Novice: 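Take this structure first; my questions come after.
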Amino acid sequence: MRLLLAGCVLAIAVSAGAQTPPANFDRDPVRFTSGRFELSGDLLAPREGAAHPVIVYVWGAGPSNRQRHIERSPMLRAFLEHGYAVFLYDKPGSGESTGEIDGRHQFDELASILIDAIDVLKARDDIDASAIGLYGSSQASYVMASALARTTNVAFVIAWSCPMQNSIEQGAYLVRNYVLCDGGSPATADSAGAAYRERALARMYTDYREAALVLDSIPAIRDGLGWAGVREQSDFTPADSTSESFFDPSHTWAAQKIPILALYAENDRQIDPLQGAGSFRRIFARNADPLSTVVVIPGADHNMNLSPRGCMQDQRDDYRSIGGKTPSPRFIDAIGAWLDRLNPGRTPRAR
């Protein structure tokens with residue numbers, strides 16, 4: 001049984017053509033150890049000022065490439081220009097970082113690495129230890145929630161395209177939309193979503209097989225996503241209800257007292273933006289820092305690129321079928337405006 005753990009496509013902050021950080025920012029290579037992992041990263045910081053507030057990148061699912069991101073991300077440049085340092089490191093097994101994450105405990109292991117990265121930053125004289133924030137999307141919702149339950153050293157969070165339900169429900173949402181985007185009928189899409197959920201939750205092999213056969217009969221799932229197939233009974237194991245597949249991050253998010261900016265894309269077909277935005281709005285109405293807010297970005301997909309359909313198929317085509325990749329300017333503008341509210345006049349913007 002294959003379960004989607006919060007996004008099968010790595011959500012990377014909107015990237016454009018090749019760029020490099022402005023010359024008036026420093027780049028300091030940082031290596032650190034976390035358990036059995038050796039992590040390699042970079043701290044980028046404005047040259048002006050002393051101790052900087054810092055934003056730590058928390059990647060979505062899949063491999064990471066910090067070098068490509070440093071070269072191409074307008075979001076990273078925006079952070080620096082607003083006076084924030086940025087720390088990003090390759091995930092284990094990606095780039096220059098070593099080790100292999102245990103797929104059964106990936107949220108926990110990635111959260112432990114994140115906590116150790118925060119400790120590394122706290123020890124630096126050029127970082128304001130009271131102003132360490134997180135910036136993450138997609139699978140990062142689970143990783144950040146896992147870390148926030150174990151540390152009080154995070155001062156603020158920018159969470160974008162973050163699921164607010166367990167990864168089984170999130171996967172069912174994605175599967176349903178993938179079928180619709182492939183031209184399937186609403187009835188077929190509903191059947192696919194229900195079968196994905198039932199296959200994941202099956203306690204008996206007969207229930208598992210029935211749901212798995214439904215998914216295997218739908219070309220979009222079998223050939224497009226590659227999430228079909230039917231296991232033999234000897235290979236079937238009922239899902240462990242204590243596994244990370246059942247982890248609902250909304251409970252941890254609800255306990256936070258720090259400023260949180262939650263951004264969702266109107267046309268996200270991978271995680272449910274209505275459910276996610278609604279969850280955060282309810283949390284903020286009950287128990288929130290005054291700066292906590294939800295912003296919905298119109299016309300954008302899961303990766304905050306403009307996309308009328310928001311379909312994963314368009315992403316896989318590198319957006320050629322819809323005229324090319326266009327990052328949403330409202331996404332960057334919304335984050336910049338919120339950062340200015342978070343620390344007004346804190347650090348002069350570098351020019």
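These numbers were taken from a predicted model, which means no experiment stands behind them.
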Novice: I'd like to know whether Phe79 forms a side-chain contact (heavy atoms from CB on, under 4.5 Å) with Tyr57, so could you lay out the CA-CA distance, the side-chain angles of the two residues, the decisive distance to 0.1 Å, and finally the verdict.
Specialist: CA-CA 11 Å; Phe79 288 147; Tyr57 268 61; 3.8 Å; yes
Novice: If I compare all heavy atoms of Trp338 with all of Leu291, which pair ends up nearest, and what's the gap?
Specialist: NE1-O, 2.8 Å
Novice: Answer yes if the side chains of Ser279 and Gln275 hold a donor-acceptor pair under 3.5 Å, and no otherwise.
Specialist: yes
Novice: So, are Arg197 and Glu169 salt-bridged, with charged N and O less than 4.0 Å apart?
Specialist: yes
Novice: Same cluster or not: are Ile258 and Val143 linked, directly or through other Ile, Leu, Val, Met, Phe, Trp or Tyr residues, by side-chain heavy atoms under 4.5 angstrom apart?
Specialist: yes
Novice: Give the intermediate values and the outcome of side-chain contact (heavy atoms from CB on, under 4.5 Å) for residues Glu96 and Tyr89.
Specialist: CA-CA 9 Å; Glu96 299 174 346; Tyr89 52 90; over 6 Å; no
Novice: Within the 4.5 Å heavy-atom criterion, are Asp340 and His82 side-chain neighbours or not?
Specialist: yes
Novice: Please identify each residue that fulfils salt bridge (Lys or Arg N to Asp or Glu O under 4.0 Å) with Asp317, with sequence neighbours left out.
Specialist: Arg320
Novice: Could you walk me through whether Arg176 and Asp190 pass salt bridge (charged side-chain N to carboxylate O under 4.0 Å, His left out), step by step?
Specialist: CA-CA 6 Å; Arg176 182 183 184 279; Asp190 289 344; 2.5 Å; yes
Novice: When you compare the side chain of Met164 with that of Arg282, does any pair of heavy atoms fall below 4.5 Å?
Specialist: no
Novice: What do you reckon, is CZ of Arg209 surrounded by more than 12 foreign heavy atoms closer than 6.0 Å?
Specialist: no
Novice: If we ignore hydrogens and angles and just use 3.5 Å, is the side chain of Glu266 paired with the main-chain N or O of Ala300 as donor and acceptor?
Specialist: no
Novice: Hey, does the side chain of Asp182 reach the backbone of Gly184 with a donor-acceptor pair shorter than 3.5 angstrom?
Specialist: no
Novice: Which heavy atom of Ile113 sits nearest a heavy atom of Phe32, and at what distance?
Specialist: O-CE1, 3.9 Å
Novice: Treating Gln270 as the side-chain partner and Met312 as the backbone partner, does any N or O pair qualify as donor plus acceptor under 3.5 Å?
Specialist: no
Novice: How long is the gap from CG on Asp272 to CG on Asn177, to the nearest 0.5 Å?
Specialist: 8.5 Å
Novice: So, Gln170 side chain and Gln165 main chain: donor-acceptor pair closer than 3.5 Å or not?
Specialist: no
Novice: If you round to the nearest 0.5 Å, how far is CD of Gln139 from CD1 of Ile271?
Specialist: 13.5 Å
Novice: Would Leu306 and Leu263 show up in the same hydrophobic cluster when neighbours are defined by side-chain heavy atoms closer than 4.5 Å?
Specialist: no
Novice: Work out which heavy atom in Phe280 is nearest to a heavy atom in Ala262; give both atom names and the distance.
Specialist: CD1-CB, 3.5 Å
Novice: With a 3.5 Å distance limit and no angle check, can you tell me whether Ser97 reaches the backbone of Ser40 through a side-chain donor-acceptor pair?
Specialist: yes
Novice: Would Leu215 and Tyr173 show up in the same hydrophobic cluster when neighbours are defined by side-chain heavy atoms closer than 4.5 Å?
Specialist: no
Novice: Same hydrophobic cluster for Leu110 and Ile115, using side-chain heavy-atom links shorter than 4.5 Å among ILVMFWY?
Specialist: no
Novice: Please indicate whether Arg36 has more than 12 foreign heavy atoms, meaning atoms of other residues, nucleotides or ligands, lying under 6.0 Å from its CZ.
Specialist: yes
Novice: Measure the CD1-CZ distance between Ile55 and Phe156 for me, rounded to the nearest 0.5 Å.
Specialist: 4.5 Å
Novice: Side-chain contact test, heavy atoms from C-beta onward, threshold under 4.5 Å: evaluate it for Arg104 versus Asp240 and give yes or no.
Specialist: no
Novice: Out of curiosity, Gln233 CD to Thr206 OG1, how far, rounded to the nearest 0.5 Å?
Specialist: 8.5 Å
Novice: For a 4.5 angstrom cut-off between non-hydrogen side-chain atoms, does Pro273 reach Val296?
Specialist: no
Novice: Output all residues satisfying salt bridge (Lys or Arg N to Asp or Glu O under 4.0 Å) with Asp108, sequence neighbours left out; order by chain, then residue number.
Specialist: Arg150
Novice: Could you tell me if the side chain of Leu43 sits less than 4.5 Å from the side chain of Leu121, heavy atoms only?
Specialist: yes
Novice: Tell me the closest heavy-atom pair linking Ala155 and Ser130, and the distance in Å.
Specialist: CB-O, 3.4 Å
Novice: I'd like to know whether CG of Asp223 has more than 12 heavy-atom contacts from other residues, nucleotides or ligands below 6.0 angstrom.
Specialist: yes
Novice: Taking Asp90 for its side chain and Arg66 for its backbone only, find out whether a donor-acceptor pair lies under 3.5 Å.
Specialist: yes
Novice: Got a donor-acceptor contact below 3.5 angstrom from the Ser292 side chain to the Ile260 backbone?
Specialist: yes
Novice: Is it true that Arg269 and Asp314 make a salt bridge, defined as a side-chain N closer than 4.0 Å to a carboxylate O?
Specialist: no
Novice: May I ask you to decide if Asn65's main-chain N or O and His69's side chain share a donor-acceptor pair within less than 3.5 Å?
Specialist: no
Novice: Quick one: pull up OG in Ser137 and CH2 in Trp160 and give me the separation to the nearest 0.5 Å.
Specialist: 3.5 Å
Novice: Do Tyr84 and Leu342 have side-chain heavy atoms sitting under 4.5 Å apart?
Specialist: yes
Novice: Tell me the closest heavy-atom pair linking Ala239 and Ala200, and the distance in Å.
Specialist: CB-O, 3.2 Å
Novice: Which class fits the ring pair Trp227 and Tyr196: parallel under 30°, tilted 30 to 60°, perpendicular over 60°?
Specialist: tilted
Novice: Would you check if the side chain of Asn303 reaches a backbone N or O of Asn305 as a donor-acceptor pair within less than 3.5 Å?
Specialist: no
Novice: Would a distance-only check, ignoring hydrogens and angles, find a side-chain to backbone donor-acceptor pair under 3.5 Å from Asp126 to Ala51?
Specialist: no
Novice: Between Ile132 and Asn153, does a side-chain contact (heavy atoms from CB on, under 4.5 Å) hold up when you go through it step by step?
Specialist: CA-CA 7 Å; Ile132 298 174; Asn153 293 322; 5.6 Å; no
Novice: Rounded to the nearest 0.5 Å, how far does CD1 of Ile335 lie from CD1 of Ile158?
Specialist: 5.0 Å
Novice: Would you indicate whether the side-chain heavy atoms of His52 and Pro46 approach each other to under 4.5 Å?
Specialist: yes
Novice: Between Val154 and Phe284, is there shared hydrophobic-cluster membership here, with clusters defined by ILVMFWY side-chain heavy atoms closer than 4.5 Å?
Specialist: yes
Novice: Take the angle between the ring planes of Tyr142 and Phe107 and call it parallel below 30°, perpendicular above 60°, tilted in between.
Specialist: parallel
Novice: Testing the basics here: between Gly193 and Ala172, what is the closest heavy-atom pair and its distance to 0.1 Å?
Specialist: O-CB, 3.6 Å
Novice: Within a strict 4.5 Å, meaning less than it, do heavy atoms of the Cys162 and Met144 side chains meet?
Specialist: yes
Novice: Going through the checks in order, is the side-chain contact (heavy atoms from CB on, under 4.5 Å) test met by Tyr264 and Leu274?
Specialist: CA-CA 8 Å; Tyr264 286 92; Leu274 292 178; over 6 Å; no
